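Notes for the one structure printed next.
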2 protein chains.
Amino acid sequence: MPETRPYQHHYLKAACANCSVLELCLPIGLTSHEVERLDTLIIQRVKVKKGAALYRAGDPLRSLYAVRIGSFKTSMLSVDGREQVTGFQIPGEMLGLDAISDDRHTCSAFALEDSEVCPFNFAQLEKLALELPSLQHNMNKILSREIVREHNLLMMMGNMNSDERLAAFLLNLSQRLSIRGYSSRNFVLKMRREEIGSYLGLRLETICRGIAHLRDSELVEISGRNVKVLNLDGLKQLVAGCHREPPL
Amino acid sequence: MPETRPYQHHYLKAACANCSVLELCLPIGLTSHEVERLDTLIIQRVKVKKGAALYRAGDPLRSLYAVRIGSFKTSMLSVDGREQVTGFQIPGEMLGLDAISDDRHTCSAFALEDSEVCPFNFAQLEKLALELPSLQHNMNKILSREIVREHNLLMMMGNMNSDERLAAFLLNLSQRLSIRGYSSRNFVLKMRREEIGSYLGLRLETICRGIAHLRDSELVEISGRNVKVLNLDGLKQLVAGCHREPPL
DNA sequence: CGTGCTTTTGATTATGATCAATAAGTGTGG
DNA sequence: CCACACTTATTGATCATAATCAAAAGCACG
């Protein structure tokens, strides 16, 4: 990711009401009148070029972002400059939730492809949430859902071997894409092997070997970054009947 | 943890205003009038016996809980019955945040010693947060802080070896205890080696060996569950100059 | 159409898991 | 209070998994 300049401002007039990811984003369950009020927070949508940072660790929290088009990775840097990928975000998913803790982003967010986000000014969002109970409730749920996501990640890190983690990763991505109306059986990995590895706590070579194993067992067909799921149940079984010891 | 009966109800009249962990808990930064209103949500404090569950995975979300006295572990069960510990909570820390996502607890919470919690009815809490902006803001921060905590855990799982993870765990516990006014140099581990291991993605034997290593390098003195930190900076250095490869 | 980067695959090594046996605590009932 | 049973902790020996090192093959983009 050599592109380091701040994100580009391509101003677009926003309109939650006719946004295609409306039902996956902050406004879930809001009345059309409430959505209109939320709309007023989004000054403009923002385009982020592939490889560019939407924000960086240490930046003050200005806005939360909903991914509208494209995809992102969020990552932290360790003291000695190693990257830990903490998540991949696709349309309808939120970015920046970790920053509320300390009014400062703890992760950086990079676009994995040319992308577009809706920024919600956080101060205004909190203010509006005081007036719209369902918005407040949504925010709580979205924050809590992120906690649950990370619990599952921890579970994976603690109890799954490399092949199982990879299978779980593909399955999770497949399911999230399917919710967004994309194919759950054919999709493209926008991230590098190294980034998948970092996310799963593995080296990139281990990811390559895992892919080879899944291919050998005819669960998926992966060539380059193109994924075709051949045996969804098989994948699920691999993830479910997982863990380092057999059940006694 | 053989004790499986639901938590015991020892009713105590609650009063945030003169609670010793007030400034670490939900009411941070609230005016005394606001704290009074929050007080009305806590019908009574609840005592939980060592080993008993405060709630279990699958239970409907009724309340969030602030630990007042004692300590807890939260854990999830995998399909084949293996435990993944997701956190340890000490006084002033919140329990149940993951349940907001789906109105259902995804973890179980067990008392590691005889303990006491303050339950906040969640529905009432959300309602009250609409009227008290600083309460709403606190809730957002607490949720976000939990996300940051888990990011750091992921970082640990992904980039640290066993000794470094153990050192990071001890350091983190030491710091949290110190914030609560306990000694940061002398404390007692209320959890078993196995639970520490599960939390850190390691086996209990590896924890024992790690303890032996830290003892050999004269960073800490650990006998049984009693911890004495001998060289805080040394511990920090081990955690900071960590990671599987040396910095290039 | 090279020149990076990224991915793949192979060979070897290191770390932590597993298996096993012993020791140290903890709590209970006599 | 002690003896016993049981849980928890420690340490050793061996093994398995994934990391590391290395080299070649694909790709993508200027």
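The model shown is predicted, which means the values in this text are computed figures rather than measured ones. All chains are named by letter (A, B, ...) in the order of the sequence lines, taking the proteins before the strands, and each is independently numbered beginning at 1.
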Please list, for nucleotides 20-25 of chain C, all pairs of protein and nucleotide N/O atoms separated by less than 3.5 Å.
none

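Checking C/dT8, D/dT11, D/dA19 against every side-chain atom of A/Leu204, the shortest atom distance belongs to C/dT8. Nearest to the side chain of A/Cys208, among D/dT10, C/dA17, C/dT8, sits C/dT8. Side chain of B/Arg215, nearest nucleotide from D/dT11, C/dT6, D/dA19: D/dT11.
Among residues two or more places apart in sequence or in another chain, the side chain to side chain contact (heavy atoms under 4.5 Å, CB included) test is passed with B/Leu77 by B/Glu83. Partners of A/Asn231 under the side chain to side chain donor-acceptor pair (under 3.5 Å) rule, at least two apart in sequence or in another chain, do not exist in this structure. With sequence neighbours left out, the salt bridge (charged side-chain N to carboxylate O under 4.0 Å, His left out) criterion links A/Asp114 to A/Lys49. A/Asp163 pairs by the side chain to side chain donor-acceptor pair (under 3.5 Å) definition with A/His213, not counting sequence neighbours.
With respect to B/Glu113 and B/Lys50, no salt bridge is recorded, no charged nitrogen being found less than 4.0 Å from a carboxylate O. Using a 4.0 Å cut-off between a side-chain N of Lys or Arg and a carboxylate O of Asp or Glu, A/Arg180 and A/Glu93 qualify as a salt bridge.
Summary for the helix from C/dC5-D/dG26 to C/dG30-D/dC1: the axes at its two ends, each from 5 pairs, differ by 50° when rounded to the nearest 10 degrees.
Contact check, B/Thr206 against C/dG16: no side-chain N or O comes under 4.0 Å of OP1 or OP2. Distances shown here put a side-chain N or O of B/Arg192 below 4.0 Å from the OP1 or OP2 atom of D/dT8. In terms of phosphate contacts, B/Arg165 brings no side-chain nitrogen or oxygen within less than 4.0 Å of OP1 or OP2 of C/dG16.
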